[in-house]
2 protein chains.
Amino acid sequence: MDDIDTQLIVLLQQDATQSYATLGAAVGLSAAAAHERVRKLRARGVVRSTRVEVDPAAVGRGVLAYVMVDASAWMGSAGTAEALAELPEIEEAHIVAGSASVLVKVRTGTTEALQEVLGRLFGIEGVTGTQTIVVLETLFERPLSPASPEPPAP
Amino acid sequence: MDDIDTQLIVLLQQDATQSYATLGAAVGLSAAAAHERVRKLRARGVVRSTRVEVDPAAVGRGVLAYVMVDASAWMGSAGTAEALAELPEIEEAHIVAGSASVLVKVRTGTTEALQEVLGRLFGIEGVTGTQTIVVLETLFERPLSPASPEPPAP
DNA sequence: GGTGAAACTATGCGTAA
DNA sequence: TTACGCATAGTTTCACC
């Protein structure tokens with residue numbers, strides 16, 4: 001994980017459709033060398049996957065909300081993740097500190113559908129309450145910049 | 001946006017490195033036809049970008065927190081997004097309903113660095129307080145499944 | 001939407017630093 | 001170990017049906 005690896009990661013986070021020749025030129029390496037480095041980053045699990053990013057509104061998921069799910073008991077058990085994963089509207093689920101709670105990120109097509117998701121959350125064993133934060137406008141969503149060597153470029 | 005478009009989106013959300021021949025075979029189309037559909041999905045903005053997904057811990061951002069940023073005034077103005085975007089630890093920023101607040105998703109390397117980000121948030125004009133939710137464990141983060149035609153497959 | 005051909009890319013290998 | 005350059009196999013991307 002030297003400087004060049006970091007640069008490659010940043011470039012691939014912006015656009016993973018670039019050719020290795022382009023990538024190599026950008027970091028001062030041959031296409032083959034750039035390719036070899038990216039291959040190793042994948043093998044080591046630093047680069048997890050390559051995916052397309054979709055406009056949520058265009059696929060019927062224009063409503064975004066975060067929901068704090070309060071539970072009567074510890075939800076760290078294996079079953080919790082599965083129960084939450086069964087709701088396709090849930091994009092992320094995190095166990096959080098400070099209370100017996102899980103924070104979930106939910107995307108639905110309408111506020112009515114959001115309400116229905118809340119109802120189904122109550123159906124999960126141990127859930128005692130929810131607190132919903134509805135997003136009015138997303139200012140930005142972006143890839144995380146690696147912390148390793150470089151502060152924002154000069 | 002018919003059924004085949006939706007299938008292509010789901011496949012590309014799982015793995016955007018597949019060839020169009022593979023993609024076409026999966027949806028019952030020739031490689032060229034699959035390519036043409038994906039090209040149009042990109043042109044229409046349904047598919048926004050292709051990016052790699054990186055392991056946060058591997059790039060020095062193993063600590064995740066959500067921060068509610070309370071403000072004395074309306075933060076919907078143009079300057080707010082820019083001020084927040086200047087903090088590289090902020091991955092998402094959303095304006096939320098219910099109070100004069102912005103919800104931000106923050107990733108840092110250590111809890112000390114998180115504390116420092118909170119300090120810098122207070123430096124932004126109009127910010128009167130923060131409430132931080134520290135994530136202990138991420139259960140899952142996944143691409144949103146399109147709502148359009150298909151419920152989970154039979 | 002399919003076909004086939006041309007141009008471009010990925011990727012393994014031999015070699016060198 | 002890491003990078004280079006070349007050769008080949010595979011992919012993208014046309015024009016045309």
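The chains referred to below are lettered A, B, ... by the order of the sequence lines, with proteins before strands, and numbering in each begins at 1.
Taking every nucleotide of DNA chain D with any atom under 4.0 Å from a non-hydrogen atom of chain A, the first and last of them, 5' to 3', are D/dT2 to D/dG5.
The nearest pair of heavy atoms linking A/Leu8 to A/Arg37 is CD1-CB, 3.8 Å. Closest approach of A/Gln18 to A/Leu12, counting heavy atoms only: NE2-N, 4.5 Å.
Listed by chain and number, the residues in a side chain to side chain contact (heavy atoms under 4.5 Å, CB included) with B/Arg51 are A/Glu53, A/Pro143, B/Ser49 (sequence neighbours excluded). Under the side-chain hydrogen bond (donor to acceptor under 3.5 Å, both in side chains) criterion, B/Gln14 pairs with no residue at all, not counting sequence neighbours.
Rounded to 10°, the helix from C/dG1-D/dC17 to C/dA17-D/dT1 has 30° between the axis fitted to its first five pairs and the one fitted to its last five.
Under a 4.0 Å N-O distance rule, the pair B/Arg120/B/Glu89 qualifies as a salt bridge.
For the atom pair OH (B/Tyr66) and CD (B/Glu91), the distance works out to 7.5 Å, reported to the nearest 0.5 Å.
Residue A/Glu82 qualifies as enclosed at atom CD: its count of foreign heavy atoms under 6.0 Å is above 12.
For residues 18-41 of chain A, proximity to DNA chain C is found at A/Ser19, A/Tyr20, A/His35, defined as any non-hydrogen atom under 4.0 angstrom from a strand atom.
Linking ILVMFWY side-chain heavy atoms closer than 4.5 Å, directly or via other members, places B/Leu139 and A/Val127 in a single hydrophobic cluster.
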Side-chain donor-acceptor contacts of residues 20-31 of chain B below 3.5 Å, not counting sequence neighbours, with atom names and distances?
from    : atom 1 : to      : atom 2 : distance (Å)
B/Thr22 : OG1    : B/Ser19 : OG     : 3.0
B/Ser30 : OG     : B/Ala33 : N      : 3.1

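Side chains of B/Val38 and B/Val47 form no contact here, defined as non-hydrogen atoms less than 4.5 Å apart.
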